[in-house]
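Shown next, in structure tokens, is the structure this report addresses.
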Amino acid sequence: MSGHGNGKVILLGEHAVVYGVPAIAAGLSSGATAVARAANATAAPTLSIAPWSVSVRPGDGSALGTAFEALVRARRELDPQRATDRSVEATMTLPGSAGLGSSAALGVAVLRALDHADDIARDFAQSQQIALAWERVFHGNPSGIDTALALAGGLARFHRQPAAGQPALVSIEGAPITLVVAHSGASGSTKETVANVAALRASQPEAFAEALAAFGALVHTAERALREGALESLGEAFDEGQTLLRAWGVSTPELDAMCEVARGAGALGAKLTGGGGGGCMIALVRDEHDAERVRSALSVRGREAFETTIGAAHTARKEKT
Ligand code: PMV
């Protein structure tokens, strides 16, 4: 009766992906796990999140309650015969508002727990449709990259508007890479940074279009580098991505400083990941030895980090703190 949703790191293309540029992301094995229970016949079902000591009901006015309601409604619309109302208990193994896709991971875990309890097997497109109903409550205009990775994991290129007949998510196969992921100590609101980028687009449409084209070229370079195992080239793409994101105002002085620290300790490239405005940065390292150097340089700055190895498509990923 349980379901899991992966967290994720965006390697390149966050924010630009909202406007139709492809982005590259990898699922994390940490995320959210949920269990569905039979609902109390006399009360509305609840969604409880253990580590946050939160319990909500559909339509109780909270964002989580609204998202739970949207997900329950979307399931019922698609499967009026089989979808039942149940209470769900979830556990998170990711920090929220960190750019690691915690809300999408939670939505997917809840969906899978409910589907499992009702014995419903869904394809990716339908799961993505329901998970997006949940995610819209938190992010306003989500591209769908977080929910796609929460569902599929692996290392992939995501396209919000793929060409006709093409999938939204395409696996990228290559040699494993190692990333150090570090939290800046401040939480970031993806809804706010996405709205700020939309305002920038409205006020400077030409410069914005140029930046989108630059992101598109970088994502292309990064994908080739991943397939060929060209780590230096991937690291340069990370650094250029960070420069573009800073110009869009979604980085913070602390994230910039952490990227510098990581580079100074031997990282091949570093950038913020996800929505920004706080949250996490990722640094690409050559091996475990360099990962350790980067982690200890960041810890001198008071920043906690973990290391994740992203394998070839859908193969083992390991995370260690
Ligand atoms: O902050 P996160 O983990 O929710 O990632 C958001 C990614 C964005 O590209 C900024 C927004 C989106 O919907 O794609």
Side-chain angles (χ1 to χ4, degrees), residues 5-28 30-32 63-64 67 92-109 128-129 131-153 156-162 168-169 179 181-201 208 211-212 214-216 218-219 222 238 241-242 244-252 255 271-282 306 308:
N6 300 102
K8 62 94 199 50
V9 282
I10 297 181
L11 272 60
L12 267 171
E14 51 271 272
H15 287 287
V17 69
V18 172
Y19 300 97
V21 171
I24 299 172
L28 296 169
S30 40
L64 263 177
M92 302 294 302
T93 52
L94 271 182
S97 305
L100 301 180
S102 60
S103 62
L106 180 59
V108 166
Q128 172 77 334
Q129 183 187 333
L132 270 173
W134 160 285
E135 189 73 343
R136 263 184 219 108
V137 175
F138 300 104
H139 284 189
N141 179 22
S143 65
I145 190 169
D146 287 15
T147 44
L149 266 296
L151 284 162
R157 166 169 35 91
F158 172 84
H159 205 303
R160 185 176 195 169
Q161 294 135 352
L169 208 56
L179 299 177
V181 185
H183 201 292
S184 65
S187 55
S189 162
T190 299
K191 198 169 192 169
E192 269 173 36
T193 54
V194 167
N196 292 344
V197 170
L200 193 74
R201 178 176 182 242
F208 193 85
L212 278 187
F215 269 117
L218 266 187
V219 168
F238 273 29
Q242 175 63 13
L244 291 170
L245 289 166
R246 194 170 49 233
W248 275 359
V250 299
S251 191
T252 65
L255 284 166
K271 61 182 280 294
L272 69 85
T273 187
C280 288
M281 61 139 261
I282 52 173
F306 68 90
T308 182

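Both ligands and their constituent atoms are indexed starting at 1 by order of listing.
Residue Phe158 comes nearest to Gly144 through the heavy atom pair CZ-C, 3.5 Å, listed as atom of the first residue, atom of the second, then distance. When all heavy atoms of Thr193 and Val250 are compared, the pair lying nearest together is CB-CG1, 3.9 Å. Scanning both residues, Leu28 and Asn6, for their nearest heavy atoms gives O-ND2, 3.0 Å. Of all heavy-atom pairs spanning Lys191 and Phe138, the tightest one is CD-O, 3.3 Å. Looking at every heavy atom in both residues, Leu12 comes nearest to Lys271 through CD2-CE, 4.0 Å. When all heavy atoms are compared, the tightest approach of Trp134 to Gly107 is CE2-CA, 3.3 Å.
With respect to atom 8 (C) of ligand 1, the closest heavy atom belonging to the protein is His15 N, 3.9 Å. Taking atom 1 (O) of ligand 1 as the reference point, the nearest protein heavy-atom neighbour is Thr190 OG1, 2.6 Å.
Residue Gly144 has no N or O atom closer than 3.5 Å to an N or O atom of ligand 1. Ligand 1 has an N or O atom lying under 3.5 Å from an N or O atom of Ser143, backbone or side chain. Of the N or O atoms in Glu135, none lie within a sub-3.5 Å distance of an N or O in ligand 1. Remark: ligand 1 and Val194 share no N or O pair separated by less than 3.5 Å (distance only, no angle test).
Between Gln128 and Leu169 there is no side-chain heavy-atom pair separated by less than 4.5 Å.
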**OP:** Apply the test side-chain contact (heavy atoms from CB on, under 4.5 Å) to residues Ser184 and Met281: give CA-CA distance (whole Å), side-chain angles for both, the deciding distance (0.1 Å), then the verdict.
**Re:** CA-CA 7 Å; Ser184 65; Met281 61 139 261; over 6 Å; no

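Atoms of ligand 1 found under 4.0 Å from any heavy atom of Ile145 (numbered from 1 in listed order, with element): 14 (O). Every atom of ligand 1 with a heavy atom of Val17 under 4.0 Å away is listed here by number and element: 9 (O), 14 (O). Atoms of ligand 1 lying under 4.0 Å from any heavy atom of Gly101, numbered from 1 in the order shown and given with element: 3 (O). Within ligand 1, counting atoms from 1 as listed, the ones closer than 4.0 Å to a heavy atom of Lys8 are 2 (P), 3 (O), 5 (O). For ligand 1, the atoms lying closer than 4.0 Å to a non-hydrogen atom of Asp146 are 2 (P), 3 (O), 4 (O), 5 (O). Atoms of ligand 1 lying under 4.0 Å from at least one heavy atom of Ile10, given by number and element, are 7 (C). In summary, the atoms of ligand 1 found under 4.0 Å from a heavy atom of Glu14, numbered by their order in the structure, are 9 (O). Residue contact check: Gly275 has heavy atoms under 4.0 Å from atoms 1 (O), 2 (P), 5 (O), 6 (C), 10 (C) of ligand 1.
Only the side chain of Val18 comes within 4.0 Å of ligand 1, judged by heavy-atom distances.
Taking a 4.0 Å cut-off on heavy atoms, Val250 fails to register as neighbouring ligand 1. Not a single heavy atom of Arg160 lies less than 4.0 angstrom from ligand 1.
Panel note: side chain Arg160, backbone Pro142; a donor-acceptor pair is recorded below 3.5 Å.
Here the CG atom belonging to Leu94 is positioned 5.5 Å from the CG atom belonging to Leu100, to the nearest 0.5 angstrom.
Aromatic pair Tyr19/Phe208: centroids less than 6.0 angstrom apart.
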